Amino acid sequence: MSDETGQRVGEESGQLSAVPLLVRWRAVRQRESFVVAATAIAVLLFPYLFVRAPVISTALQGYQSLAELIVIWGIFVIGFDLLHGYTGLLSFGHAAFWGGGAYAAGVFAIHVSGSPLVMIAVGITFSVLLAWVLGFLTLRRGGIYFAILTLAFGQMLYYMALQPLADLTGGDNGLGIGGTAIEPLLGFIPLGAGIPVITTFVATWMYTLIGVAMVLTVAFAYRVLNSPYGMVFRAIRENEQRAEFVGLNVQRYKLMAFVLSGGISGLAGSLFAIQQARVPVESLFWTTSGEVVIMSVIGGVGSLFGGPIGAAVYLYVANVVQGMREVVLFVQVDKLFPGAQAVVLPEWASPADYWHLLLGLLFVAVVVFIPRGGLWGGLKSIGHRIGNRLGGGR
Amino acid sequence: MLGRNGAGKTTTLRAIAGTDEPEVRSGHVRFHGDDVTHLPTEDVAVRGISLVPEERRIFPDLTVAENMHIAEVVRNRSNVVGRDIEFDRGQMADEDIYDVFPRLRERLSQKGGTLSGGEQQMLAIARALKQNPDLLMLDEPYEGLAPQIIQAVEAAVERIREDGTTVLLVEQNAVAAMNIADRCYVVDQGQVVFEGTADELRADEETRDRYLGV
């Protein structure tokens, strides 16, 4: 069924793409504005729905710092997916860029300046340079060798932070930056303070900073993916050698994808350092690399919005569900239907002890039932189906 | 280039194109007077040698227009910087290519993977043409195609030849190949065992019988 519609669309717009590049560029720009606007709205609404909205937020048991964490990890997953989903390179060492960016930002805050924007710049710069070096060393090999090499280099960084560099990194204890070391935004806006006008939505400047970073990341990633660069990335993902036959310097494009991905991960890492005011040494550990892979698969590999959704689901289970000692169904149902009562499940039914198992089951379910699109792909196909119904079967 | 299965035809094409395997252990590949034997594949390609390999030769997840456009991206600064290559060759205009393959013009915004086998083959050749190669190498372009599609591809190949592009065609189907070839090479166990015009090969019953089975 979907093939049929695809063909029809193809035939209709076939002539359209023969028109000059400029027109096509305009169409891309239009779609880009839409994507950026949609992201901004989602980022704006998310903490409200998750933390403050009546009924929903109570049922979800969301809280502000988790909302912040979810968006930060969302940025990380987008960065990771740029490499894995779009270029087809599975890195198992992305903790190096996340943790590396976080440590760079944190160390800089302690020893030089705690201005958040400068910390972010330092974190990104460090990760970009690191990605350049690691990419140069690891990209010579493909497939499983690449995954293992990135894993090895990631672990190398972890052990460096743990022992030889302990004076700088705080070793096993992680790096305590301390809330006081982090200066107000632009010198006069405390990150914890409420932001005027849209406080109901985003609550704090901290979240606003993270949210703006997310919107910029999406805009940047979208622009890259729709540029010739993105086209080459996809071509490489589909068949590296064929891209060489065309005359593309595949090695160089892969390095660029790696560096871009590392830079975005570094951005996320520095935000993490600012938000937590500390950097746990685990942020360099391979489990962090594993987590980002899992989030990406759950949300949907090769889709910009899948990443943040995967991050949200993963972190929600890992933080909220883990703490659910008692499960209350139909929270505040009396507000909607007077007289109705919420249902409290018995303690043995609490999912708290099984949260790892829950995540595992979710992961398996996604891989089995929606392997290509993940949760985002699933949502999209439901949307299409509803759209088809409403559009009279078209 | 003709020969039985495993005679070394594809290997020869890959050696010319400069892929990692096979590794060229002896001999040289010269093109326009330059030694291109150990150049990376992408550098061989931009010097004017285009290989359309066997089977699924396109980027299935890219649209037809994107598949074509990628040949232009090759000239982008980001692809050229730091490489010892020159782009003195012109590019074939899209319109000229779509004149050869009118079917593609109708399918520009369709994903490559949704095309039929014949259309995919046309797209692969079209993309190679876009780079305006001096040598176009086609590895079994007729394999798995319906007879009337073969005719269409054959006509296109003939047209490309008439435009002055050298075509190195590898085929198992000797009869089809001899129909459009100026010169024929028969390969067996990695050696050229016959070299001559198509008419000479037609006349040489022993070679045909022994190496081609026709």
Side-chain angles (χ1 to χ4, degrees), chain A residues 2-21 23-25 27-28 85-88 140-142 224-257 259-260 302 372, chain B residues 14 17-21 40-53 56-67 69-76 78-83 85 87 94-95 98 104-115 124 127-128 130-131 133 137:
Chain A
S2 62
D3 277 353
E4 207 176 294
T5 44
Q7 194 147 335
R8 199 186 304 147
V9 171
E11 278 164 12
E12 276 167 11
S13 52
Q15 290 301 352
L16 202 126
S17 42
V19 293
L21 270 172
V23 179
R24 246 172 74 197
W25 172 237
V28 168
Y86 288 94
T87 321
R140 314 202 150 253
R141 307 305 308 266
V224 168
L225 291 174
N226 284 285
S227 73
Y229 257 96
M231 205 167 81
V232 173
F233 289 167
R234 280 181 289 145
I236 291 173
R237 174 185 69 188
E238 282 174 26
N239 194 318
E240 216 177 298
Q241 190 166 57
R242 221 171 291 153
E244 281 176 352
F245 284 146
V246 184
L248 293 166
N249 190 350
V250 168
Q251 209 59 25
R252 190 187 143 76
Y253 279 100
K254 288 204 296 195
L255 184 61
M256 281 299 113
V259 168
L260 286 176
R372 266 193 76 105
Chain B
R14 290 173 65 89
T19 55
D20 285 343
E21 296 187 11
T41 311
E42 64 268 25
D43 286 1
V44 174
V46 294
R47 273 162 201 259
I49 300 181
S50 278
L51 170 61
V52 179
R56 307 226 298 139
R57 309 104 178 147
I58 53 154
F59 299 106
D61 230 27
L62 267 52
T63 63
V64 171
E66 283 176 328
N67 264 286
H69 185 56
I70 214 153
E72 267 169 60
V73 174
V74 170
R75 299 158 156 268
N76 282 9
S78 51
N79 188 42
V80 176
V81 75
R83 290 169 74 189
I85 47 174
F87 281 97
D94 280 357
E95 283 313 304
Y98 295 140
L104 294 180
R105 203 189 330 240
E106 297 158 17
R107 307 227 182 283
L108 280 177
S109 55
Q110 215 172 308
K111 288 228 167 133
T114 66
L115 299 179
R127 195 191 56 217
K130 173 102 182 170
Q131 297 181 289
M137 301 193 287

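This one's a predicted model, so the numbers in the text were calculated from it and none came from an experiment. Letters A, B, ... mirror the listed sequences (proteins, then strands); counts begin at 1.
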*Smallest separation among heavy atoms of B:Glu42 and A:Leu248, with atom names*: CB-O, 3.1 Å

_For a quick test of reading the model, state the closest non-hydrogen atom pair linking B:Ala71 to A:Val246 and the distance between them._
CA-CG1, 4.1 Å

*Mind checking what makes side chain to side chain contact (heavy atoms under 4.5 Å, CB included) contact with A:Leu225, not counting sequence neighbours?*
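Expected list: A:Leu82, A:Tyr86, A:Leu304.
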
_Please classify the contact of A:Glu244 with chain B as side chain, backbone, both or neither, using a heavy-atom distance under 4.5 Å._
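Both backbone and side chain of A:Glu244 come within 4.5 Å of chain B.
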
*asked:* Checking A:Arg242 against B:Phe59 for the side-chain contact (heavy atoms from CB on, under 4.5 Å) test, could you report, in this order, the C-alpha distance in whole Å, the side-chain angles of both residues, the deciding distance, and whether it holds?
replied: CA-CA 8 Å; A:Arg242 221 171 291 153; B:Phe59 299 106; 3.9 Å; yes

_Nearest 0.5 angstrom please: B:Asp43 CG to A:Asn249 CG, how far?_
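Here the interatomic distance stands at 7.0 Å.
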
*Roughly how far, to the nearest 0.5 Å, is the CG atom of B:Leu62 from the CZ atom of A:Arg234?*
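Reported value, rounded in 0.5 Å steps: 5.0 Å.
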
*With a 4.5 Å cut-off on heavy-atom pairs, point out which of A:Gln241, A:Arg237, A:Gln251 contacts chain B the most.*
A:Gln241

_Side-chain (A:Glu238) to main-chain (B:Asp61) donor-acceptor, under 3.5 angstrom_ = yes

*asked:* Under the rule for ring pair (Phe, Tyr, Trp, His ring centres under 6.0 Å), what residues qualify as partners of A:Tyr253, not counting sequence neighbours?
replied: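 Ring pair (Phe, Tyr, Trp, His ring centres under 6.0 Å) list for A:Tyr253, sorted by chain: A:Tyr229.
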
*A:Phe245/B:Thr19 under side-chain contact (heavy atoms from CB on, under 4.5 Å): CA gap, chis, key distance, verdict*: CA-CA 9 Å; A:Phe245 284 146; B:Thr19 55; 3.6 Å; yes

